[in-house]
Amino acid sequence: MGSSFLWVKAFHIVFVSAWFAGLFYLPRIFVNLASVPADSHAERERLLMMARKLYRFSSLLMVVAIGLGLVLWLVYGVGKGPHNYWLHAKIALVVVAIGYHHACGSLLRKFEAFANLRSERWLRIFNETSVLLFSAIVVLVVIKPF
């Protein structure tokens with residue numbers, strides 16, 4: 001496939017990992033926001049600023065990661081051919097990850113509007129979802145179980 005394929009693949013891995021790093025940390029900021037005392041305006045605003053910047057940066061990383069993934073699939077033919085059902089599962093999980101990313105954006109807007117109804121416990125569980133998604137995607141890509 002050539003060295004250009006390897007460069008695209010390497011940068012796809014870098015951008016996916018960076019995007020997920022944002023998805024690992026952004027919900028953790030939400031956990032911290034949920035536990036901020038009502039009278040601690042400076043702490044709340046600092047956490048919101050961090051969350052806004054991380055969400056914007058993660059959104060950019062997501063777009064590049066998806067774009068590089070599409071290049072691998074459509075240009076280099078990764079996953080094409082018979083018995084590559086692992087790619088179908090991976091794409092389904094990537095769609096879930098995109099939804100998770102947008103759910104983080106929705107939570108951020110709710111925190112900004114003082115409208116968060118989620119408990120700190122719920123947010124802690126939500127925080128772990130990205131780790132499970134990332135792990136499942138890596139297993140599908142490396143092991144190709146089906």
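Predicted model, so just to flag it, every value in this text is computed and none were measured.
Applying the ring pair (Phe, Tyr, Trp, His ring centres under 6.0 Å) definition to pairs two or more places apart or across chains, those involving residues 44-74 are Tyr55-His101. Sequence neighbours left out, not one pair with a member in residues 8-17 passes side-chain hydrogen bond (donor to acceptor under 3.5 Å, both in side chains). Contacts classified as side-chain hydrogen bond (donor to acceptor under 3.5 Å, both in side chains) and involving residues 121-146 (residues at least two apart or in different chains) are given here: Glu120-Arg124.
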Exercise for review: Starting from the C-alpha separation in whole Å, work towards a yes-or-no answer on side chain to side chain contact (heavy atoms under 4.5 Å, CB included) for Lys110 and Ser106.
Suggested key: CA-CA 6 Å; Lys110 287 178 181 174; Ser106 176; 3.9 Å; yes
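Residue Phe114 is not grouped with residue Val36 when hydrophobic side chains (ILVMFWY) are merged at heavy-atom distances under 4.5 angstrom, including chains of intermediate members. Under the 4.5 Å side-chain heavy-atom criterion for Ile, Leu, Val, Met, Phe, Trp and Tyr, Val31 and Ile125 are members of distinct hydrophobic clusters. Using a 4.5 Å cut-off between side-chain heavy atoms of Ile, Leu, Val, Met, Phe, Trp and Tyr, with links allowed through other members, Met49 and Leu60 fall into different hydrophobic clusters. Trp19 and Leu132 are not part of a single hydrophobic cluster, where members link through side-chain heavy atoms under 4.5 Å apart. Cluster annotation: Ile143 is not connected to Ile13 through the hydrophobic network of ILVMFWY side chains, with a link wherever side-chain heavy atoms come within less than 4.5 Å.
Within the 4.5 Å cutoff, side-chain heavy atoms of Phe30 are placed close to those of Cys104. When side chains are defined from C-beta on, Phe5 counts as touching Leu72, because their heavy atoms get closer than 4.5 Å.
Across all non-hydrogen atoms, the minimal contact from Gly79 to Leu87 is CA-CD2, 3.7 Å.
Within a 6.0 Å sphere centred on NZ of Lys80, other residues, nucleotides and ligands contribute more than 12 heavy atoms.
Remark: Val71 pairs with Val8, Val75, Tyr76 by the side-chain contact (heavy atoms from CB on, under 4.5 Å) rule, at least two apart or across chains. Shown here are the side-chain contact (heavy atoms from CB on, under 4.5 Å) partners of Tyr25, two or more places apart in sequence or in another chain: Arg28, Ile29, Met50, Leu54. Partners of Leu48 under the side-chain contact (heavy atoms from CB on, under 4.5 Å) rule, at least two apart in sequence or in another chain, are Leu33, Arg44, Glu45, Arg52, Leu108, Phe111, Glu112. In this structure, the side chain to side chain donor-acceptor pair (under 3.5 Å) partners of Asn84, at least two apart in sequence or on a different chain, are Trp86. Contacts of Pro37 classified as side-chain contact (heavy atoms from CB on, under 4.5 Å), with partners at least two apart in sequence or in another chain: Asp39, Ser40, Glu43. Every ring-ring contact (aromatic ring centres under 6.0 Å, His included) that Phe134 has, sequence neighbours left out, goes to Phe20, Phe24.
Going from atom CG of Leu117 over to atom CG of Leu107 covers 10.5 Å, rounded to the nearest 0.5 Å. Put simply, CZ on Phe11 and CG on Leu68 are 9.0 Å apart, with the number rounded to the nearest 0.5 Å. Tyr100 contributes atom OH, which lies 4.0 Å from atom CZ of Phe126 (distance to the nearest 0.5 angstrom). Here the straight-line distance linking atom CD1 of Ile91 with atom CG of Leu70 works out to 8.0 Å at 0.5 Å rounding. Note that CG of Asn116 and CG of Leu123 are 6.0 Å apart. Values are rounded to the nearest 0.5 Å. Distance check, rounded to the nearest 0.5 Å: NZ of Lys90 to CG of Leu140 gives 9.0 Å.
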